[in-house]
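Just so it is clear, the model here is predicted, and its values are computed rather than measured.
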Amino acid sequence: LNKNFLNHEVEGLKDVLVKLNDIGVSGVFFYDLVVLQLKKELNLDINLVWNQTHMVNNYRTCDYYHSKGVKYALLGKEITLDEIVEICNKSSISCMVEVVSLPSVAFSRRKLITNYYKDLNKKGSNKLTVTEKITNQDYELIEDENGTNFLLKQVTNGTGIIKDLFDINVEYIVIREYGIKDI
């Protein structure tokens with residue numbers, strides 16, 4: 001459930017949350033705070049994983065979400081090992097760290113690739129590689145029913161810190177394959 005929800009999707013979201021709660025899933029990743037609100041309103045016993053990408057970067061905010069009933073936090077991909085250690089040591093929340101992925105650097109609800117090709121009067125696909133002019137860094141844009149995701153077109157490999165993560169009691173590491181097979 002790791003997306004922004006539109007108003008017309010909330011009733012269906014309630015049904016999904018109740019079903020997930022009833023079958024006893026270990027946890028649900030969420031981005032939109034409506035998931036946290038619905039957990040409270042529906043009195044659900046489901047574990048939530050706060051995953052707001054670049055927002056999960058300090059222990060005080062992690063503690064705030066923990067006080068609201070969130071059990072886990074997937075820490076931001078751009079923070080350092082020292083910052084991860086500080087959050088894990090000072091926060092009550094259980095930390096998760098993504099160690100392999102194509103990091104998401106931006107997201108838009110808009111169909112940006114579709115609009116791009118439409119403006120050019122061309123037929124295109126749902127993927128597009130763009131190069132940022134100053135850094136010459138490539139980004140993979142992938143469009144789906146939820147919008148357009150901007151991914152760094154370079155696999156981030158943090159497997160070298162896995163032992164350090166276990167030493168500070170990180171309960172879960174995440175290996176996210178989304179988009180990797182395409183580069």
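- Partners of R176 by salt bridge (Lys or Arg N to Asp or Glu O under 4.0 Å), not counting sequence neighbours, listed by chain and number: E98.
- Within the structure, the salt bridge (charged side-chain N to carboxylate O under 4.0 Å, His left out) test picks out the following pairs touching residues 13-36 (sequence neighbours left out): E11-K14.
- Considering only residues two or more places apart in sequence or on other chains, Y65 meets the ring-ring contact (aromatic ring centres under 6.0 Å, His included) condition with W50.
- By the ring-ring contact (aromatic ring centres under 6.0 Å, His included) test, Y172 pairs with Y72, sequence neighbours left out.
- In this structure, F107 shares a hydrophobic cluster with no other residue, the cluster being traced through Ile, Leu, Val, Met, Phe, Trp and Tyr side chains under 4.5 angstrom apart.
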Solution key, residues 33-48 side-chain donor-acceptor pairs under 3.5 Å, sequence neighbours excluded:
from: Q37; atom 1: NE2; to: E41; atom 2: OE2; distance (Å): 3.1
from: K39; atom 1: NZ; to: I46; atom 2: O; distance (Å): 3.1
from: K39; atom 1: NZ; to: G69; atom 2: O; distance (Å): 2.8
from: N47; atom 1: ND2; to: S26; atom 2: O; distance (Å): 3.2

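- Residues passing the side-chain hydrogen bond (donor to acceptor under 3.5 Å, both in side chains) test with Q137: none are found, sequence neighbours excluded.
- The number of heavy atoms from other shown groups lying within 6.0 Å of CG (N7) does not exceed 12.
- Side-chain atoms of E140 do not come within 3.5 Å of backbone N or O of T129 as any donor-acceptor pair.
- Take E9 and apply the salt bridge (Lys or Arg N to Asp or Glu O under 4.0 Å) test, not counting sequence neighbours, and it matches K3.
- Enclosure of atom CZ in R110 is not indicated, since only 12 or fewer non-hydrogen atoms of other residues, nucleotides or ligands lie within 6.0 angstrom.
- Identified under the salt bridge (charged side-chain N to carboxylate O under 4.0 Å, His left out) test for residues 79-93, with sequence neighbours left out: E86-K90.
- Listed by first and then second residue, the salt bridge (charged side-chain N to carboxylate O under 4.0 Å, His left out) pairs involving residues 63-74 amount to none (not counting sequence neighbours).
- The ring pair (Phe, Tyr, Trp, His ring centres under 6.0 Å) pairs that include a residue from residues 120-167 number zero, where partners must be two or more places apart or lie in different chains.
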Check residues 113-120 and write down every donor-acceptor pair under 3.5 Å in which the side-chain atom is one partner and the other belongs to a residue at least two apart or another chain.
from: T114; atom 1: OG1; to: E143; atom 2: OE1; distance (Å): 3.4
from: T114; atom 1: OG1; to: E143; atom 2: OE2; distance (Å): 2.3
from: N115; atom 1: ND2; to: K111; atom 2: O; distance (Å): 3.2

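- A side-chain N or O of S104 and one of N149 form a donor-acceptor pair less than 3.5 Å apart.
- Listed for the T148 side chain is a donor-acceptor partner under 3.5 Å among the backbone atoms of L112.
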